[in-house]
Protein chains: 2
Amino acid sequence: MGFSTSLPSSECVDYWYERSQLDVSRPGSLSHRESSVKLSTQIGPESETTPDHKYLQIADDLRRRISGGELRPGGRIPSRAELTRRHGVASAIVSRAVSILVTEGLVECRQGSGAYVLPPKTRLQLSRAWYREVRGGSPFAGDMEAQGKAPAWRTHSRMVHATADVARRLAIAEGDPVMRTVYVYTADEAPVQRAVSYEPYALTQGTPIALPEDGPHAGRGVRDRMAVIGVTVTHRSEAVSARGATIEEARDLRISLGVIVTVLRRTYFADDLPVETADILAPGDAAEFVYVLPMDQAGP
Amino acid sequence: MGFSTSLPSSECVDYWYERSQLDVSRPGSLSHRESSVKLSTQIGPESETTPDHKYLQIADDLRRRISGGELRPGGRIPSRAELTRRHGVASAIVSRAVSILVTEGLVECRQGSGAYVLPPKTRLQLSRAWYREVRGGSPFAGDMEAQGKAPAWRTHSRMVHATADVARRLAIAEGDPVMRTVYVYTADEAPVQRAVSYEPYALTQGTPIALPEDGPHAGRGVRDRMAVIGVTVTHRSEAVSARGATIEEARDLRISLGVIVTVLRRTYFADDLPVETADILAPGDAAEFVYVLPMDQAGP
DNA sequence: TCGAATTTGTGCGTATGTATC
DNA sequence: GGATACATACGCACAAATTCG
């Protein structure tokens, strides 16, 4: 199977495997071959069996013409009327096909103008590197300046009662007082990140760091601020998922209601005691959270 | 401002702060101002003058009846026929309204049976901890067993030419041969994670690890497999964002087209040389990627 | 076992509104 | 203003899957 640069399709070979913990004792692949036939109908990258659904075919056709370079970023794809003629289908069908590309982020429709191929997006990098806490200054400002953007942020603190979710994450009782701080971060005036932070008021009450963005330790990050009151943050947990934006989030980030956002639920711990938790989110198509992790550490 | 447990609203105080680093004079910030104005007119969250769209109204009505408890998880929402009668609209309109709830993950449609309200999900934890690579065995299997789920996965490898994106991530030339492997992970038979991995064929050609899921080193993870051919993986980069599922992804994960997925783009490095890259994704409402990071490491 | 009723999925052709050029 | 293009909507038809008597 030797080839250097060329890759004729006749030399393409597919390899199928299936594993479960049930047969972990045997490293062999005897049973895998049997199921491969069944699999090939399920997950082939280009198995394409079937569904003669016209709107899917049209969407596939458009997607190929985009990735193939025939339809270029910034250019317009054929109009509904032309696609209707070309494929000989009803207008509702081509409309549905185009809407698929829209949800996939490949195309943007402008009413009265046309449907345009979007340029491949360069997402803003929001660093979550394991060493970001060690350095001084604001990680966000550093990220933005490294990418040629002007960083800014505004905050808003208020004392509230802990909801059930916040209480669970901070290991306190529901209704306990917590300091809630909303951060909205902007790059070149455009909002790119929003965070809502919660700190148990019982922990910071009467200390100089009770208000996260006030006093001499404002903006120093949780690790440094907690150190001021003798609390040593040992580790943090970050759980990343995604959903549609709520009304408040959409307003702060200047996006539409329901637009896809990446959600990061972060909790700081001091020896298994949670000392701060936050919901950090950014538009899914405009920013990404970047982790850089070493491989040579010993586990706990 | 002393209170212990009670928090009357009369004692609530708001604290507002704003910070920026605009002092750093940068060329080009002026043009960004202009575009930001345009932005705010485009995507105002509630500036819209109530387009009274019927399909949105119907979707809102259904959403309210679900969150209000009138329509309970596991139960069926009214059929298309009933909704058309009730709202006096065409069938295509109620169909579209329901499809909105489907992409929001609130409802699941079963052809011939009905549209059912989905139960609120507890997200599966997919560990990305910094130490996961150190241990033997499969991290996914460990995660699932810790959560009482039966893990399994299937894979499919094929040689392909590198796309522009893959080429950039692997620091090779576009069109160079790469080994492409699709992984579909299941927990209790339900797909929860999908990964598409790319390895430069120039790196593994003729070695025992050319096929990731074949031979004595199958399923051992990139770090261990690369060690076999004398390549020491030093660190990895993971960038997390979110978008709507494509057709292939939706099919493999058994979700609907356009449902929100969390996307993790991972690259393994051996001293700044990329040796593997992958797109890992999971349904945004069914799983979350969890990082646990220590605070006491020294930065690079 | 079978078949009819129900329900969702897909598709057609047309009409109207609205934004852009 | 007129032509073009997208957005929404109507009403109907048929196919596929399910349900249930």
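Protein chains get the first letters and strands the later ones, always in sequence-line order, with residue 1 at the start of each.
- Between A/R96 atom CZ and C/dG13 atom P there is a gap of 16 Å when expressed in whole angstrom units.
- Partners of A/R110 according to the salt bridge (charged side-chain N to carboxylate O under 4.0 Å, His left out) rule, which considers only residues two or more places apart in sequence or in another chain, are A/E108.
- For the pair A/T186/A/V192, no side-chain contact is recorded, criterion being any heavy-atom separation below 4.5 Å from C-beta on.
- Per the geometry, CD belonging to B/Q57 stands 13 Å off C1' belonging to D/dA9, to the nearest Å.
- By the salt bridge (charged side-chain N to carboxylate O under 4.0 Å, His left out) test, A/E70 is found to be paired with A/R65, residues two or more places apart in sequence or in another chain being considered.
- Atoms CD (A/E108) and P (D/dA5) sit 17 Å apart, rounded to a whole Å.
- A donor-acceptor pair under 3.5 Å is absent between the side-chain atoms of A/D252 and the main chain of A/V184, judged by distance alone.
- Nearest to the side chain of A/C109, among C/dG11, D/dC6, D/dT8, sits D/dC6.
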How does protein reach along nucleotides 16-21 of chain D, written 5' to 3' as B (base within reach of a heavy atom under 4.0 Å), S (only sugar-phosphate), or - (no contact)? BBBS--

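- The salt bridge (charged side-chain N to carboxylate O under 4.0 Å, His left out) test applied to B/R96 returns no partner, not counting sequence neighbours.
- Contacts of residues 73-92 of chain B with DNA chain D (heavy atom under 4.0 Å): B/G88, B/V89, B/A90, B/S91.
- Annotation: side-chain hydrogen bond (donor to acceptor under 3.5 Å, both in side chains) contacts of A/E82 (sequence neighbours excluded): none.
- B/G105 and B/D285 make their closest contact through CA-OD2, 4.0 Å (heavy atoms, listed as atom of the first residue, atom of the second, distance).
- Residue B/Y55 places at least one side-chain N or O under 4.0 Å from the OP1 or OP2 atom of D/dT8.
- In summary, the side chains of B/Q125 and B/Q147 do not present any donor paired with an acceptor at a separation below 3.5 Å, with no hydrogens or angles considered.
- Atom CD1 of B/I58 is separated from atom C1' of D/dA9 by 11 Å (rounded to the nearest Å).
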